[in-house]
Amino acid sequence: MASCANPLQLPTASLHALRRQAGRGVIPPPRPRRRPRSAAAAAMDSGGPSPVVLGCGAINVDYLATVASFPNPDDKIRSLELKVQGGGNTGNALTAAARLGLRPRIISKVANDAQGRNILSELQADGIDTSYILVAEDGNSPFTYIIVDQQTKTRTCIHTPGSPPLVPEELTKANLSSALDGADIVYFDVRLHDTALLVAEEASQRKIPILIDAERKREGLDELLNFASYVVCSAKFPQAWTGASSLPVALVSMLSRQPKIKFVIVTLGEKGCLMLERSMTDASEAGEIDAEALLESLQKKVDQSSTIPKCIASKSNLRISVDGVGSISGRLLLGTAEVIPPGELIDTTGAGDAFIGAVLYGLCTGMPPESMLPFAAQVAGCGCRGLGARSSLPHRTDPRLAGY
């Protein structure tokens with residue numbers, strides 16, 4: 001490869017190629033910004049150990065019943081299909097991460113019953129380290145009944161918590177230290193919040209990045225957000241948490257309130273996702289733009305004919321402002337979802353968890369957001385093609401992920 005004395009000067013071959021393309025009226029698009037490669041990602045590329053993600057939160061058994069349509073009160077109906085498999089936000093997200101190539105560990109608790117043993121064996125089969133999951137001799141493991149409506153393609157969940165719950169005193173200092181040793185990122189779904197806070201405090205002291213799944217307002221969430229590096233949340237959460245009038249206003253409000261957070265992603269189901277990423281440097285006042293107007297400009301650029309996930313990004317380092325809230329320096333990214341043919345869409349259970357598992361992978365391997373958002377959408381789309389949260393989660397070698 002030709003060397004360049006001036007770092008701003010292109011090699012001669014590259015200049016010739018640019019001139020040829022310019023002569024044909026074609027100018028290549030700028031390459032997306034890539035996150036700095038972590039030591040773990042570099043080791044993975046060279047055949048070394050994969051990055052480690054530690055998760056703390058919900059693992060349970062899902063009882064999934066597909067029905068023709070959701071029953072009315074006092075109805076008696078038959079299921080069209082029944083499946084029993086592992087579930088829970090943490091269990092699902094880290095199963096997705098494991099199949100993509102990360103090395104997950106989980107802090108949680110089950111009982112020594114048939115359900116608990118099935119939870120552990122299923123996680124272990126996907127290569128997840130379960131040695132930090134406590135097993136109670138008494139009580140019950142958590143489980144969820146899920147009714148999958150074939151007509152509306154929706155699901156309804158009825159959850160029974162595990163008993164007795166995990167308390168911080170059960171997580172010894174030695175086990176906490178061991179669980180965090182070598183971890184590249186820590187993930188919380190905001191269950192087991194007292195224990196999660198203990199883990200977050202220690203992870204923060206070790207300067208390990210933290211990703212929070214803000215599905216909805218829960219006890220302990222506000223305290224955990226103080227430690228967050230990244231947040232992925234459901235469509236309703238930002239406005240519910242901030243009281244903002246619109247989604248882009250809520251995202252600016254979230255980053256204004258939480259200066260440690262590097263980005264917030266909102267998952268929007270079939271409408272894709274929206275990401276507000278903070279810049280490392282302050283933008284000038286000259287580049288100021290209203291958050292809602294910026295989102296509208298991105299929405300106009302969406303290719304409505306495309307069926308594969310895409311990402312439309314604003315310019316970098318804008319001053320994104322909201323009247324009465326303030327402004328942050330950063331950029332807005334709009335991700336589209338895969339358009340799944342109706343005959344292939346089976347169940348959306350765990351789609352958000354699959355998305356988060358892919359985001360964890362993207363962060364650990366240095367994916368730029370322009371690639372990470374479509375990649376995560378593709379992983380989530382794969383997961384919607386089978387009954388339950390884990391049946392159709394892809395492995396990294398899946399041909400559908402070859403382009404990422």
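Because the structure is predicted, anything quoted here is derived from the model rather than measured.
- Under 4.0 Å is where a charged nitrogen must lie from a carboxylate oxygen, and between E202 and R206 at least one such pair does.
- We find that R191 and E215 are joined by a salt bridge, their nearest charged nitrogen and carboxylate oxygen being less than 4.0 Å apart.
- Take E137 and apply the side-chain hydrogen bond (donor to acceptor under 3.5 Å, both in side chains) test, not counting sequence neighbours, and it matches N112.
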Pair D74-N72, side chain to side chain donor-acceptor pair (under 3.5 Å): steps then yes or no: CA-CA 6 Å; D74 210 31; N72 294 313; over 6 Å; no
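- Screening residues 71-98 for ring pair (Phe, Tyr, Trp, His ring centres under 6.0 Å) gives no qualifying pairs among residues at least two apart or on separate chains.
- With sequence neighbours left out, the side-chain hydrogen bond (donor to acceptor under 3.5 Å, both in side chains) criterion links Y404 to no other residue.
- Between the side chains of S141 and D113, at least one donor N or O lies within less than 3.5 Å of an accepting N or O.
- One finds the CZ atom of R331 at 14.5 Å from the CD1 atom of I289 (value rounded to the nearest 0.5 Å).
- Under the 3.5 Å distance criterion, with hydrogens and angles disregarded, a donor-acceptor pair is assigned to the side chains of T152 and T154.
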Side chain to side chain contact (heavy atoms under 4.5 Å, CB included) between E201 and V199, worked out: CA-CA 6 Å; E201 289 171 346; V199 178; over 6 Å; no
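- Side chain of S108 to backbone of G57: a donor-acceptor contact under 3.5 angstrom is found.
- Taking OG of S314 as the reference point, atom CD of E277 lies at 9.0 Å (rounded to 0.5 Å).
- Between G220 and V190, the closest heavy-atom pair is C-CG1, 4.3 Å.
- In terms of heavy-atom proximity, R396 sits nearest to L401 at NH1-O, 3.1 Å.
- Looking at every heavy atom in both residues, V252 comes nearest to A291 through CG2-CB, 3.9 Å.
- With hydrogens and angles left out, the side-chain atoms of Y132 and S178 include a donor and acceptor closer than 3.5 Å.
- Among pairs with a residue in residues 240-251, those fulfilling side chain to side chain donor-acceptor pair (under 3.5 Å) read D222-W241, S246-E292, at least two apart in sequence or across chains.
- Without hydrogens or angle criteria, T95 side chain to G91 main chain gives a donor-acceptor distance under 3.5 Å.
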N317 and S329: CA distance, side-chain angles, deciding distance, side chain to side chain donor-acceptor pair (under 3.5 Å) verdict: CA-CA 6 Å; N317 206 33; S329 297; 4.6 Å; no
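- A search for side-chain contact (heavy atoms from CB on, under 4.5 Å) contacts involving A214 returns L221, V231, C233, F237, not counting sequence neighbours.
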Steps toward ring-ring contact (aromatic ring centres under 6.0 Å, His included) verdict (F227, F188): CA-CA 11 Å; F227 296 99; F188 299 99; 8.8 Å; no
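- A search for side-chain hydrogen bond (donor to acceptor under 3.5 Å, both in side chains) contacts involving H395 returns nothing, not counting sequence neighbours.
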For residues 340-348, which side-chain N or O atoms pair as donor and acceptor with protein atoms under 3.5 Å away, sequence neighbours left out?
{"unit_1": "E344", "atom_1": "OE1", "unit_2": "R385", "atom_2": "NE", "d": "2.8"}
{"unit_1": "E344", "atom_1": "OE1", "unit_2": "R385", "atom_2": "NH2", "d": "3.0"}
{"unit_1": "D347", "atom_1": "OD1", "unit_2": "T349", "atom_2": "N", "d": "3.0"}
{"unit_1": "D347", "atom_1": "OD1", "unit_2": "T349", "atom_2": "OG1", "d": "2.8"}
{"unit_1": "D347", "atom_1": "OD2", "unit_2": "T349", "atom_2": "OG1", "d": "3.2"}
{"unit_1": "D347", "atom_1": "OD2", "unit_2": "G388", "atom_2": "N", "d": "2.9"}

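- Remark: A98 engages P104, I128 in a side-chain contact (heavy atoms from CB on, under 4.5 Å) (not counting sequence neighbours).
- When all heavy atoms of S306 and V339 are compared, the closest pair comes out as O-CG2, 3.9 Å.
- Pairing each heavy atom of R105 with each of D181, the nearest pair is NH1-O, 2.7 Å.
- Every residue meeting the side-chain contact (heavy atoms from CB on, under 4.5 Å) condition with T90, not counting sequence neighbours, appears here in chain and number order: L94, I106, Y187, D189.
- Counting all heavy atoms, side chain and backbone alike, T144 lies closest to C157 at CG2-CB, 3.9 Å.
- Legend: side chain to side chain donor-acceptor pair (under 3.5 Å) pairs involving residues 162-175, not counting sequence neighbours, sorted by first then second residue: K109-E170.
- Using cut-offs of 30° and 60° for the angle between ring planes, the Y230 and F263 rings count as tilted.
- Side-chain atoms of S392 never come within 3.5 Å of backbone atoms of G383 as a donor-acceptor pair (strictly under, hydrogens ignored).
- Residues meeting the side-chain hydrogen bond (donor to acceptor under 3.5 Å, both in side chains) test with Q150, sequence neighbours left out: none.
- Checking side-chain atoms of D126 against main-chain N and O of A97 turns up no donor-acceptor pair under 3.5 Å.
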For residues 77-88, dump all side-chain donor-acceptor pairs below 3.5 Å to protein atoms at least two apart in sequence or in another chain.
{"unit_1": "K83", "atom_1": "NZ", "unit_2": "S391", "atom_2": "OG", "d": "3.1"}
{"unit_1": "Q85", "atom_1": "OE1", "unit_2": "A389", "atom_2": "N", "d": "2.9"}
{"unit_1": "Q85", "atom_1": "OE1", "unit_2": "R390", "atom_2": "N", "d": "3.0"}
{"unit_1": "Q85", "atom_1": "NE2", "unit_2": "S391", "atom_2": "OG", "d": "3.0"}

Steps toward side chain to side chain contact (heavy atoms under 4.5 Å, CB included) verdict (L102, L360): CA-CA 9 Å; L102 301 187; L360 290 167; 4.3 Å; yes
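- For the atom pair OG1 (T195) and CD1 (I107), the distance works out to 8.5 Å, reported to the nearest 0.5 Å.
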Residues V266, L251; criterion side chain to side chain contact (heavy atoms under 4.5 Å, CB included); working and verdict: CA-CA 9 Å; V266 187; L251 295 185; 3.4 Å; yes
